There are 2 protein chains.
Amino acid sequence: MQLKELSEHSGVSAASIKYYLREGMLPAGQTVHATRAQYSARHVERLNLIQALRRIVGLNIEQIRGLLKMADDGAPRLTLLAAVQRVVLDLGASTTSSGGVRAPAGDAVVRLRNWPDYPSDARSALNAHLELMENLNIRVSSELLDTYSKAMDDVAGLDIAVTTAPDSVDQLILTAAVGLHLHSQLLLKLLALAQASHAIRRYEQDA
Amino acid sequence: MQLKELSEHSGVSAASIKYYLREGMLPAGQTVHATRAQYSARHVERLNLIQALRRIVGLNIEQIRGLLKMADDGAPRLTLLAAVQRVVLDLGASTTSSGGVRAPAGDAVVRLRNWPDYPSDARSALNAHLELMENLNIRVSSELLDTYSKAMDDVAGLDIAVTTAPDSVDQLILTAAVGLHLHSQLLLKLLALAQASHAIRRYEQDA
DNA sequence: CCCTTAGGATAGAACCACTATCCAGTACAC
DNA sequence: GTGTACTGGATAGTGGTTCTATCCTAAGGG
């Protein structure tokens, strides 16, 4: 497959493919001659991954390059998963972890759910986020955390089962990043719908 | 309060304040004379709102201007809430609602939870999102939707109680937008933590 | 009375993800 | 053998967004 065909197969413009090559996100094709290169199905897969991370998850070039580099360097799956979480979590984080004084509320969740007591990016992100919400005077009761974390616990098992299965590392990244993002978006939409429903009900009562 | 003082009070640069004035997001101060204007605490509040919508929720100028215009035009609360949901939901939406053939899965959720059967942006966003996930072969079981929607239902009541209370309209927007966004981010972080926990547990088993 | 500020206008800057153009070299079809 | 199409490489430009900076005149206040 030549560059032009690769472009047609993947739906990415030739100029963009060149750009990705320049940025080191797409491995160079096998140079048959000085002016001819062959691309494989792996390149198509990689392009699809890049597109999904850009379009759906909304990662930027820098973040995608980092993840792909780790994958190409043969990082272990758990490390890769952690890296994926890091970039997906960073998206909306103001990362103002101002060294909290009190015991972080996120740690309580870990105990409550009987999750293994390993420090992780997810955990510090959670703690930072809870602190942020507190600073903004948005109350997060422990009952709420209980409800939320239980629901997340219930579903995480399924996700992980899928995540540890896939054959290619590209697939792993795709599943982890896109899955995490889309589940969060799904929850956002359900929450909005629930809120709208409650608001309408209340409005009807008043009327 | 003069422009410079307003800048100091709000932490927004004078140039930016001028920009917001130009863009019609901040009402003009009371012109005492041709070259002197007075700003009030409302301006500070409004600036804080703008900052929160930009920095935390990640809305763009256009979206913020729209919301503020509605607020200033005295739109009813329910309308305002719907508008807030619309912009917050649109953030990650590919909005490729390709006119599904089958019965949308989101409608089933509405029936299941016994929510009022009102069409809303949240509902179409949910349907579109479920369709997207299906297209990407990310399975969303009805048990999962049940778990998720129940958790969201449980918490929406609390949120709405808070949302209908605040006195100023600026506060309403702030609470609704920031609240919706931060809850979604909270869920994202909990989900990541849950996934990481499950992954670690599984890894320990294998080792 | 002069320094500082206001308001208005306009231009520039910085970032990001491309996109377009140009180039010389060369394989492949005919 | 010739011409076309395509290559990698380099470099510059585009378009959108959110500011930021500069310049101007007019005028209040210590």
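Letters A, B, ... mirror the listed sequences (proteins, then strands); counts begin at 1. These numbers were taken from a predicted model, which means no experiment stands behind them. Note that these values count all heavy atoms, side chains included, but never hydrogens, waters or copies made by symmetry.
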**Prompt:** When all nucleic acid strands are considered with a 4.0 Å heavy-atom cut-off, which category describes A:Thr31: base, sugar-phosphate, or nothing?
**Reply:** nothing
**Message:** If you only use heavy atoms from C-beta on, which nucleotide in D:dA21, C:dG7, D:dC19 is closest to the side chain of B:Ala37?
**Reply:** C:dG7
Enumerate the protein-to-nucleotides 9-17 of chain D contacts in which both atoms are nitrogen or oxygen and the separation is below 3.5 Å.
{"from": "D:dG9", "atom 1": "O6", "to": "A:Lys18", "atom 2": "NZ", "distance (Å)": "3.1"}

**Message:** So, OP1 or OP2 of C:dC18: does either fall under 4.0 Å of a side-chain N or O from A:Tyr20?
**Reply:** yes
**Message:** Side chains of A:Ser184 and A:His181: any donor to acceptor distance under 3.5 Å?
**Reply:** no
**Item:** B:Gln38 CD to C:dT5 P, straight-line distance once rounded to whole Å
**Value:** 14 Å
**Item:** Value in whole Å for how far the P atom of D:dT7 lies from CD of A:Gln30
**Value:** 15 Å
**Message:** Tell me the interatomic distance from B:Leu26, atom CG, to C:dA6, atom P, rounded to whole angstroms.
**Reply:** 14 Å
**Message:** On DNA chain C, does the nearest nucleotide to A:Ser16 precede the nearest nucleotide to A:Arg36 from the 5' side, or the other way round? Give the residue.
**Reply:** A:Ser16
**Prompt:** Looking at the side chain of B:Gln2, which of D:dG8, C:dT19, C:dT5 is the nearest nucleotide?
**Reply:** C:dT5
**Item:** Protein-nucleotide distance (A:Leu53, atom CG; C:dA17, atom P), rounded to Å
**Value:** 13 Å
**Request:** Report the distance from atom CD1 of A:Ile17 to atom C1' of D:dG8, rounded to the nearest whole Å.
**Result:** 14 Å
**Item:** A:Arg54 side chain vs A:Leu59 backbone, donor-acceptor pair below 3.5 Å
**Value:** yes
**Request:** Counting heavy atoms from C-beta on, name the nucleotide in C:dG7, D:dC19, D:dA21 closest to the side chain of B:Tyr39.
**Result:** C:dG7
**Asked** In whole angstroms, how far is the P atom of D:dA5 from the CE atom of A:Met1?
**Response** 22 Å
**Request:** Can you figure out which of C:dT19, C:dA27, D:dC19 approaches the side chain of A:Ala15 most closely?
**Result:** C:dT19
